[in-house]
Each structure stands twice: as C-alpha cells, then as structure tokens.
Number of protein chains: 2
Amino acid sequence: MLIEIDFSSDEAIYQQLCNQIILGIATSRLTDGEVLPSVRQMADEIGINMHTVNKAYTILRQEGFVKVDRRRGAFVSVGDRNRERAIRLVEKDMRVILAEARCRGLSKQDMLALVDRIYDEYDGGIRTDDQ
Amino acid sequence: MLIEIDFSSDEAIYQQLCNQIILGIATSRLTDGEVLPSVRQMADEIGINMHTVNKAYTILRQEGFVKVDRRRGAFVSVGDRNRERAIRLVEKDMRVILAEARCRGLSKQDMLALVDRIYDEYDGGIRTDDQ
DNA sequence: CACCTGTTATAACATATATATAACAGGTGG
DNA sequence: CCACCTGTTATATATATGTTATAACAGGTG
C-alpha cells in the first residue's frame with residue numbers, strides 16, 4: 001500500500017502513518033494477515049527514520065491492529081473485538097467532532113449523511129479517484 | 001462553565017481547553033454572545049499560565065468560535081457559516097474515526113446510532129449527569 | 001554464517017508545550 | 001488624569017515530544 005506523508009503537516013509523521021494504515025485496513029487495501037514492510041524497508045521507501053516507523057508499528061500493535069511474528073515480521077491483524085469496548089473507545093473522539101460540527105451549523109441529518117457516505121466508500125472497497 | 005483539565009493526559013492543555021469550550025457551545029452551556037473569563041481569570045481558576053489560555057482563545061478565534069471586543073474581552077460567537085465548507089472541515093477527521101471504528105468491527109448502523117445518540121444529547125441541552 | 005526480523009539503548013537536535021516576568025495599546029470608570 | 005481591566009506581544013527558560021543517527025542485541029531463515 002502506498003503511504004504518503006505530508007512533511008509540512010502539523011500532524012506527527014508516526015501519527016500520519018498510523019492513520020493511513022488504519023485507513024488502509026478499513027478500505028480493504030490492507031487485508032487481515034497481510035505482511036507489512038519491515039521497519040527499515042518502510043523507512044527507506046518513505047524517506048524517514050526506522051524509529052519513526054517502529055513507533056507507529058508499536059502503537060498499532062498496542063491498539064490491536066498489528067501483530068508481530070518473529071519469523072515473518074509485522075502483519076495486519078483485525079482480530080475479533082469487544083463491541084461495547086470499541087464503541088467506548090470511539091465515542092470520545094466522536095463527541096469532539098460532533099460538537100465542532102454542530103457549532104458550525106451542521107445538523108444531525110448532515111452528519112448521518114456524512115457517516116453513511118464515508119462508510120459506503122469503505123464497504124465499497126478500493127476507490128480509484130482521490131482519497 | 002466549569003473547565004476541567006486532566007494534567008496527566010497526553011492531550012495538550014490548550015487543546016483540552018479548546019475542545020471543552022466547543023463542547024460547551026454545542027451543548028448550549030455556552031451561548032452566542034456570552035462573555036468568556038479573561039485570559040488571566042481563566043488561568044487563575046484552572047491553575048495554569050495566562051499564555052496557555054491565550055493560545056486557546058487565539059485558536060478559537062481563528063476557527064470562528066470566539067470573537068474579541070476591546071471593551072468586553074472574549075465572547076462566544078457562532079456566526080453563520082458556509083455549510084459545504086463546514087462539512088469539508090469535519091470530513092477528514094470523520095474518515096479517521098470511521099476507519100478505526102470499522103477496523104474494530106463496528107457496523108455503519110453502530111456509528112449512525114452513536115451519532116444519533118450524541119446529537120440528541122446536544123440538542124437536548126444541558127445534561128445533569130456525567131459529561 | 002550471513003542476513004533478515006523487531007527491539008532496545010544512547011546521543012543529538014529541532015520543535016512544541018508550558019511557565020515566568022514584563023511591557024504595551026485600548027477601553028472603562030472613579 | 002488615574003487606576004484598572006482587556007487582549008496582545010516580547011523575551012527567556014524549562015520540559016516534553018518528535019525525529020534522526022549509530023549501534024547493538026536476540027531470535028528466526030536459508
């Protein structure tokens with residue numbers, strides 16, 4: 001999967017990496033069990049340091065999106081999860097986003113439509129146009 | 001409005017401040033035109049530095065949630081906004097959240113229900129229980 | 001044994017965050 | 001005019017975080 005880093009972004013590189021890999025899993029560009037490039041290889045491809053990639057992998061491992069096999073290296077893992085715990089994890093961030101949306105005058109219907117649209121893109125699989 | 005800062009959080013203090021004020025506006029605990037505590041007063045109340053509060057106010061001003069009157073100081077401003085621009089601003093963050101939700105096994109219906117529930121809390125006005 | 005994997009350690013540097021102290025321009029009220 | 005409030009700006013300092021660099025280690029592969 002192609003990783004693109006915005007070096008002028010205020011978002012940390014390791015954070016962008018995490019997000020793009022999670023985005024990749026959600027859009028089926030990365031599938032369960034798929035091997036990820038090694039920390040050194042990924043670092044070379046992107047043009048960043050090995051430790052920055054390692055930090056991203058470590059975080060993804062802690063969050064349960066990646067596992068490590070001594071033999072193969074890091075690979076995607078979307079193991080079964082606790083539904084209520086998942087909702088609790090997502091809920092806090094969602095509250096912040098919805099608060100901002102509501103302050104900007106967006107209605108509940110606006111946000112429901114947005115969620116519906118984005119989720120359809122994910123379920124629809126790989127998109128060929130702009131991200 | 002009561003502001004509570006988690007000093008052990010990995011989230012920056014000025015960021016927590018911004019989020020809580022936006023949350024406050026969304027939940028009608030802060031209303032349009034309402035005067036905010038001065039940077040010095042707010043800093044004293046919370047127990048942080050004046051500049052940290054000033055940074056939060058500056059960001060909120062840039063995002064259009066706060067305006068400054070030479071005479072009164074800072075006050076809440078939820079002026080009319082461009083709907084499409086608002087959606088565009090919220091969309092990127094929403095993609096990240098929904099990707100994570102989907103990876104954790106949450107369905108579109110789960111997320112629609114979550115949005116529905118949170119938005120109802122906001123529209124319902126002030127809540128007396130937790131958060 | 002050479003080569004790959006993730007992991008750890010250490011150092012160095014840049015940037016971000018938070019604090020402290022001070023000053024300034026503009027507005028308010030005595 | 002004068003004291004007092006407002007946000008704003010400047011400067012310095014301390015700490016935390018992010019990123020890079022170099023090096024080494026244990027474990028697995030061929």
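Sequence lines set the chain letters: A, B, ... in the order given, protein chains first and strands last, and positions in each chain run from 1. No hydrogens, no waters, no symmetry mates; every other heavy atom, side chains included, goes into these values. Quick caveat: nothing in here was measured; it's all calculated off a predicted structure.
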Exercise. With a 4.0 angstrom cut-off to heavy atoms of chain A, pull out the first and last contacting nucleotide of DNA chain C, in 5'-to-3' order.
Key: dT5(C) to dA9(C)

Quiz prompt | Earlier contact from the 5' end, DNA chain D, for H51(A) and E11(A) | solution = E11(A)

Self-check item: Check: N19(A)/E11(A) side-chain N/O donor and acceptor closer than 3.5 Å
Solution: yes

Quiz item: Partners of E91(B) by salt bridge (charged side-chain N to carboxylate O under 4.0 Å, His left out), sequence neighbours excluded?
Solution: R117(A), R95(B)

Contacts under 3.5 angstrom, residues 37-45 of chain A side chains, donor-acceptor by atom type, not counting sequence neighbours:
from: S38(A); atom 1: OG; to: Q41(A); atom 2: N; distance (Å): 3.1
from: Q41(A); atom 1: NE2; to: E45(A); atom 2: OE2; distance (Å): 3.4

Quiz item: Y14(A) OH to dG18(D) C1': how many Å, rounded?
Solution: 8 Å

Practice problem: Work out which heavy atom in V115(B) is nearest to a heavy atom in V115(A); give both atom names and the distance. | Solution: CG2-CG2, 3.8 Å

Quiz item: For the pair made of CG in D10(A) and C1' in dG18(D), what is the distance, rounded to whole Å?
Solution: 13 Å

Quiz prompt | Members of residues 64-72 of chain B that approach DNA chain D, where some heavy atom sits under 4.0 Å away | solution = V68(B)

Self-check item: salt bridge (charged side-chain N to carboxylate O under 4.0 Å, His left out) against R71(A), all qualifying residues, sequence neighbours excluded
Solution: D69(A)

Practice problem: Mind checking salt bridge (charged side-chain N to carboxylate O under 4.0 Å, His left out) for R61(A) and listing every partner two or more places apart, or none if nothing turns up? | Solution: none

Quiz item: How far apart are the closest heavy atoms of I3(A) and Q20(A), and which atoms are they?
Solution: CA-OE1, 3.6 Å

Self-check item: Listed partners of K108(A) passing salt bridge (charged side-chain N to carboxylate O under 4.0 Å, His left out), at least two apart
Solution: D116(B), D120(B)

Quiz item: Phosphate oxygens OP1/OP2 of dT19(D): is one of them under 4.0 Å from a side-chain N or O of K55(A)?
Solution: no

Quiz item: Got a sec, which residues hit side chain to side chain donor-acceptor pair (under 3.5 Å) with N82(B), two or more places apart in sequence or on another chain?
Solution: none

Self-check item: Stems involving DNA chain D, each a run of at least 3 consecutive Watson-Crick or G-U pairs under 3.5 Å
Solution: C:1-30 with D:1-30

Quiz item: Between T52(B) and N49(B), do the side chains contain an N or O donor and an N or O acceptor separated by less than 3.5 Å?
Solution: no

Exercise. Applying side chain to side chain donor-acceptor pair (under 3.5 Å), name anything that partners E4(A), two or more places apart in sequence or on another chain.
Key: none

Quiz item: Remaining members of V68(A)'s ILVMFWY cluster at a side-chain heavy-atom cut-off under 4.5 Å?
Solution: none

Practice problem: Enumerate the residues from residues 33-43 of chain B whose closest heavy atom to DNA chain D is under 4.0 Å, giving them by residue number; use none for an empty result. | Solution: S38(B), V39(B), R40(B)

Quiz prompt | Least distance between heavy atoms, F75(A) atom then V35(A) atom | solution = CB-CA, 3.9 Å

